[in-house]
Amino acid sequence: MDVLNLEDKLNEFQCQAVRHVGGPLLVLAGAGSGKTRVITYKIAHLVEECGFKPWQILAVTFTNKAAREMRERTEELLGSAASDVMLGTFHSVCLRILRRHAELVRRTQNFVIYDDDDRERLINRILKEMGVGKELLKARAAAAYIDAQKHKLRGPDHKMLPVNTHIDTLCARVYESYEAAKRQSNAFDFGDLIFYTVRLFEKHEMVLSEYRYKWKYILVDEFQDTDFAQYRLLRLLAGEQSNICVVGDDDQSIYRWRGAEVTNILNFPNDFEQEVEVVRLEQNYRSTGHILAAASALIGHNKQRHNKVLWSDAELGERLHCYEADSETGEARWVMSRIIAAYREGHTLSNMVVFYRTHAQSRVFEDALRNQATPYVVVGGLKFYSRKEVKDVLAYLRLVLNPKDDVALMRVINEPPRGIGATTMNKALKIASAHAVSHYEGLLMLAKEADGKRARKAIHRFRDLMDLLRRTADDQQDVFRVAEAIINESGYMTRLQQEGTHEAQTRKENLEELMLSIQEWRDRAEDRSLATFLDHVSLLTSADEGEPNADAVTLMTVHAAKGLEFESVFVTGLEEQVFPHFNADSDEDIEEERRLAYVAVTRGRKKVYLSWARSRQRFGRLDMNLCSRFVSEIPQELRQMSSENAMHGRGSWATNAGSQRSQGGFNWSDRKAPAKKKKATGRHYDYNDSQADPFDDSGKVGRSVMHPSFGQGQVARVDGSGPQARVTVQFPVYGTKVIVARFLDFQEELPF
DNA sequence: CACATCGCGCTTTTT
DNA sequence: GCGCGATGTG
Ligand SMILES: Nc1ncnc2c1ncn2[C@@H]1O[C@H](COP(=O)(O)OP(=O)(O)OP(=O)(O)O)[C@@H](O)[C@H]1O
């Protein structure tokens, strides 16, 4: 049986890894060596050639996005059978398990998941109850303590909880109340998903053996970034047989701060009764020789690592382009000029990525891209689902699903204002804790007691609302209907309409977008229930936003870049204090920053650009920083300094003169036809399309144009044709002007 | 009880 | 340079 032709697709060592089936297997290899490909083919091999059923395979990835990509690639090999493979992140797999066995971990099946924000609210409430001031212990710090313990599988009653300092002891007490509160609220936090799944398996052998029996083979990608709890989970599931394959690269371990233990991968070979097969992959298939040499030199500066051989038979390619800017805006201008230049050479925008160390750095690049009317997608920042109005509606949904969700109740009880303010809620809270019931029940009890008529009426109105929403949920089994009822019946929409401010308008639009995304989800989902939708939202991550189809430049943090690859990579903000980050001071921290830089550089296939700024605005202060040590750790002969005005001359805005150009957009008449890039993907822009000729003026009236000094305007009429045509344009600020066509950018002609 | 204003601290990085 | 929370007023 050899239907897959593994030898054609994989090198000798990859084949060896794919074919090794009995017992534990470690694939330890550097960047771009085809580890992920091994996992994909191994899944196919197990099914096609070893007699495993798809549902007997569990494959764990680091992000949902990686899971989706792996599912797609598996589908190419296995067809529809691929959908039966259990493929997901640790968190999504555990969530599914916990939903089935909630009652064994002191929850009911309709439990909800608290996000970071909910968690902070809850901890703040606890700190208040304990009478601990914020100056002594901040909610974030307590949350970090709790997370750290969970990563190590230590519950609030664990003997090894750190109690060295007064603060630690305080945190340990917070931890205890926090766990109790979540249980009372029928809620889990993110870390609980792993923690309680392990607990479930440890305490209920029957359940564990069910899953052991079900999953006969386990594969794990990015294994270097697993924590203790996740490793324990894998070992429990793998059992004595240990049919488990893990792949990873200790040089790419970048989540130590989140509890990841690189020893998981380093000790793996010695951690089993039986022999552990170790396969090393040494050929890099991703990057050109110069990029690979630079990355290897860089990571070579780390002392705590296992040296790996990594070679490539690709051409040497370009050296790494480096640029020193005066300021962060100068840096962004340079990046922009390189993007345009690469585009002119025929590279598509979706093959370009801008990396930065922290989200705060994205802004200048966004501005630069917008100014040049260049499409971009920002990955992360998790903007949409953290908007106030969106979170409010989600909180209503959660409360409908789980009336005990105290955090959700506190959030929506007076949103919109309905006459139940702090004083009423404080009374309700007292009652609730005296009777050990949920806040919602406390509130209802308060209404029964002879309380002020106003408050009682308000509470009853709220109760009627909740009853209506729950009935809608039960009758229709459809999130969309429930969300619709929330927005319309709670008075939320009415209030926004009454406000009539610009901000209220934006919020309304956000709610419309939310409804749209719920609708889209519902139309695709098999199960439209509230619980399933809320699970989906909880597991959404930064990598999941943005439209995948558009040809656009990608912007993201280096952390989000793990496992991805791009033709052109910009690594920006390479300054001391920025990258490496000023918070990294121990040797270990610096080494993790260096691994991060290594991950960044190794994402590039053909072009890598390194840039830094001598000065940078930060917290409103102007910081002066030196070029990052990571730049000088790359041998000089692999680097090439670049100057800013490398932009085919000609009236370019790229001169360093600061303010004299603020608007204007990339002038499309300057653009050379793309070096022909035969489109594998279909819709690559073809400059010669008659439609795309910037001077074909038929139907230009009404279109949006950009002028270097007058900014954006609308075409009112066109006289003549070609570059000399006289175009009458209406500008919002400067009024009506007649302008010769060649000075205008016709925005809708943008090929992006 | 609702709304406005002021000030503080914050930024790593994410499932 | 901004969002959130604490604080004060109608
Ligand atoms: N045997 C092979 N022949 C040709 N190309 C390959 C081979 N194996 C992998 N590749 C290609 O090399 C690139 C890197 O592969 P992959 O993403 O699997 O590497 P990786 O080891 O997981 O990388 P990283 O650890 O950097 O994320 C991909 O473009 C992949 O298609």
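The analysis underlying the following values was restricted to heavy atoms, covering all of them including side chains, and did not include hydrogens, waters or symmetry mates.
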If you compare every side-chain N and O of [X] against the phosphate oxygens of [N] (OP1, OP2), does one of them come in below 4.0 Å?
X	N	result
H559(A)	dT15(B)	no
K388(A)	dG3(C)	no
R140(A)	dT11(B)	yes
T557(A)	dT14(B)	yes

Under a 4.0 Å threshold between the charged nitrogen and the carboxylate oxygen, would [Y] count as salt-bridged to [X]?
X	Y	result
D117(A)	R121(A)	yes
R595(A)	D251(A)	no
D192(A)	K150(A)	yes
D589(A)	R256(A)	yes

Please give, in whole Å, the distance from [N] [atom2] to [X] [atom1]?
X	N	atom1	atom2	value
K562(A)	dT13(B)	NZ	P	16 Å
R363(A)	dC10(B)	CZ	P	20 Å
Y356(A)	dT14(B)	OH	C1'	14 Å
Y231(A)	dT15(B)	OH	C1'	21 Å
L596(A)	dT13(B)	CG	P	11 Å
I254(A)	dT15(B)	CD1	P	11 Å
R96(A)	dT15(B)	CZ	P	18 Å
R125(A)	dG5(C)	CZ	C1'	17 Å

Toward the 5' end of DNA chain B, by each residue's nearest nucleotide, R119(A) or H581(A): H581(A)
Residue mapping more 5' on DNA chain B - nearest nucleotide basis, K138(A) or F90(A):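 Taking each residue's closest nucleotide, the earlier one in sequence belongs to K138(A).
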Sugar-phosphate only, base, or nothing, as touched by Y255(A) at under 4.0 Å among non-hydrogen atoms: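 Sugar-phosphate only.
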Centroid distance under 5.5 Å and plane angle under 30°, W257(A) vs dT13(B):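 So yes, this residue stacks on that base, both cut-offs being met.
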Whole-angstrom distance between dC4(C) and dT13(B), as gauged at atom C1':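 The answer is 22 Å between these two C1' atoms.
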Nearest to side-chain heavy atoms of T358(A), which nucleotide of dT13(B), dT15(B), dT11(B): dT13(B)
Within 6.0 angstrom of K138(A) NZ, more than 12 heavy atoms from elsewhere: no
